[in-house]
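Note sheet for the following structure.
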Amino acid sequence: MAPHKAPDSTRRSDRSRRAIYDAALALVGESGYRRTTIEGIAARAGVGKQTIYRWWPSKAAVLMEAFLDLAARAAEEAAPQADGADPQAGGAEYGIPDTGDLAADLKLVLRATVDELNDPLMEAPTRALTAEGIVDAKLGAEFVEKLLDPQLALYVTRLRAAQEAGQLRPDADPRIALELLIAPLTHRWLLRTLPLTHAYADTIVDYALGGLAPRS
């Protein structure tokens, strides 16, 4: 008779954690942040609410970690597009490619952003947490600190490299420059003014780098 093998508690915990992540993201996308509850997440995930409270202090903590995990998985899937990216590392380890062609590199990244924002798996929870972050200053600050700032830092790094290579004005503020790239995408996506497309992303890069004034 084969010896009895004890259950792998680590694997069981990982399965439960993944189920909780998926349940939290699904519920916030379906019902919004305010209507999502710990009890609802536990029921959807098939775990006791005590399990959730053992790992997280609040609903906000569950949802934030679930969303960060979702973003990390999306970055991992996109990792082959980034030079030298470590798919096992955190989001801050991913870099914007530096091929020497700033416009092409930015278009690649903005196109990937368009795909991410249009992905139904990402869109619903992103909208829900973004909307709640507008009225909940604490949640909004956490969203910026843990998710947005690390991503924006990648743009700053790439734009500074472009400055050093003489491809951008040396007095240009990289933070303002990246906002010229990101803000139009966010505006069109949040307000649904027009379709969010690759062609639009390319045009943003062309306008941001080339300006709108007539060329002599």
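Residues: numbered from 1 along the sequence shown. Given the structure is predicted, the values throughout are model-derived calculations rather than measurements.
Hydrophobic cluster membership is shared by Leu190 and Leu181, with clusters built from Ile, Leu, Val, Met, Phe, Trp and Tyr side chains linked at under 4.5 angstrom. Clustering ILVMFWY residues whenever any of their side-chain heavy atoms sit less than 4.5 angstrom apart, transitively, puts Val62 in the very cluster that holds Trp55. With hydrophobic clusters built from ILVMFWY side chains whose heavy atoms lie under 4.5 angstrom apart, Trp56 shares a cluster with Tyr53. The hydrophobic clustering, which links ILVMFWY residues whose side-chain heavy atoms are closer than 4.5 Å, places Leu148 and Val28 together. By the criterion of side-chain heavy atoms lying less than 4.5 angstrom apart, applied directly or through intervening Ile, Leu, Val, Met, Phe, Trp or Tyr residues, Tyr33 is grouped together with Val144 in one hydrophobic cluster.
Side-chain atoms of Thr51 never come within 3.5 Å of backbone atoms of Val47 as a donor-acceptor pair (strictly under, hydrogens ignored). Between the side chain of Lys146 and the main chain of Met64, no donor-acceptor pair closer than 3.5 Å is present. With hydrogens and angles disregarded, no donor-acceptor distance shorter than 3.5 Å links the side chain of Asp22 to the backbone of Ala45. Here the side chain of Asp98 pairs no donor or acceptor atom with the backbone of Ala161 at under 3.5 angstrom. Between the Arg158 side chain and the Pro97 main chain, a donor and an acceptor come within less than 3.5 Å of each other. A donor-acceptor pair under 3.5 Å is absent between the side-chain atoms of Glu132 and the main chain of Arg127, judged by distance alone. The backbone N or O of Ala24 sits nowhere less than 3.5 Å from a side-chain atom of Lys59 that would complete a donor-acceptor pair.
Checked for salt-bridge contact, Arg17 and Glu65 meet the test: a charged N lies under 4.0 Å from a carboxylate O. Under the 4.0 Å criterion applied to side-chain N and carboxylate O atoms, Glu179 and Arg175 are assigned as salt-bridge partners. Between Asp171 and Arg169, at least one side-chain N (NZ, or NE/NH1/NH2) sits under 4.0 Å from a carboxylate O, which counts as a salt bridge.
For Phe143 and Phe67, the gap between ring centers is short of 6.0 Å.
Side-chain contact between Asn118 and Val114: present, with at least one pair of heavy atoms (C-beta onward) separated by less than 4.5 Å. In this structure, the side chains of Pro184 and Tyr200 come closer than 4.5 Å at one or more pairs of heavy atoms. Side-chain contact check for Thr113 versus Leu117: some heavy-atom pair is nearer than 4.5 Å. Considering only heavy atoms from C-beta on, Pro170 stays 4.5 Å or farther from Gln163 through its side chain.
Expressed to the nearest 0.5 Å, how far CG of Asp202 lies from OG1 of Thr197 amounts to 8.0 Å. Separation of atoms NZ (Lys49) and CD (Glu39) is listed at 4.5 Å; rounding is to 0.5 Å. Atom-to-atom distance recorded for Leu68:CG and Tyr21:OH is 8.5 Å, nearest 0.5 angstrom. How far CD1 of Ile96 is from CG of Leu159: 7.0 Å, rounded to the nearest 0.5 Å. Note that CG of Leu106 and OH of Tyr155 are 7.0 Å apart. Values are rounded to the nearest 0.5 Å. Note that CG of Leu110 is 4.5 Å distant from CG of Leu185, once rounded to the nearest 0.5 Å.
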Next on the checklist: Evaluate His187 against Thr193 for side chain to side chain contact (heavy atoms under 4.5 Å, CB included), listing each step before the verdict.
Outcome noted: CA-CA 8 Å; His187 177 272; Thr193 53; 4.1 Å; yes

Next on the checklist: Could you go through Arg44 and Ile20, starting from their C-alpha distance and side-chain angles, then the distance that decides it, and tell me whether this counts as side chain to side chain contact (heavy atoms under 4.5 Å, CB included)?
Outcome noted: CA-CA 8 Å; Arg44 176 72 71 94; Ile20 291 167; over 6 Å; no

Item to check | Test side chain to side chain contact (heavy atoms under 4.5 Å, CB included) applied to Leu168 and Leu209, step by step | outcome: CA-CA 8 Å; Leu168 286 180; Leu209 297 183; 4.0 Å; yes

Next on the checklist: Assess the residue pair Trp189 and Thr126 against the criterion (side chain to side chain contact (heavy atoms under 4.5 Å, CB included)); give the C-alpha distance rounded to whole Å, side-chain angles, the decisive distance to 0.1 Å, and a yes or no.
Outcome noted: CA-CA 11 Å; Trp189 175 76; Thr126 303; 3.4 Å; yes

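Taking all atoms of both residues into account, the shortest heavy-atom contact from Gly32 to Thr36 is O-OG1, 2.7 Å. Closest heavy-atom contact between Leu25 and Ala66: CD1-O, 3.8 Å. Taking all atoms of both residues into account, the shortest heavy-atom contact from Ala103 to Val205 is O-CG1, 3.8 Å. When all heavy atoms of Leu139 and Gly133 are compared, the pair lying nearest together is CD2-N, 4.3 Å. Between Thr37 and Gly40, the closest heavy-atom pair is OG1-N, 2.9 Å. The two residues Ala124 and Gly29 have their closest heavy-atom pair at CB-CA, 3.6 Å.
Grouped with Leu212 in one hydrophobic cluster are Tyr207, the linkage being side-chain heavy-atom contacts under 4.5 Å among Ile, Leu, Val, Met, Phe, Trp and Tyr residues.
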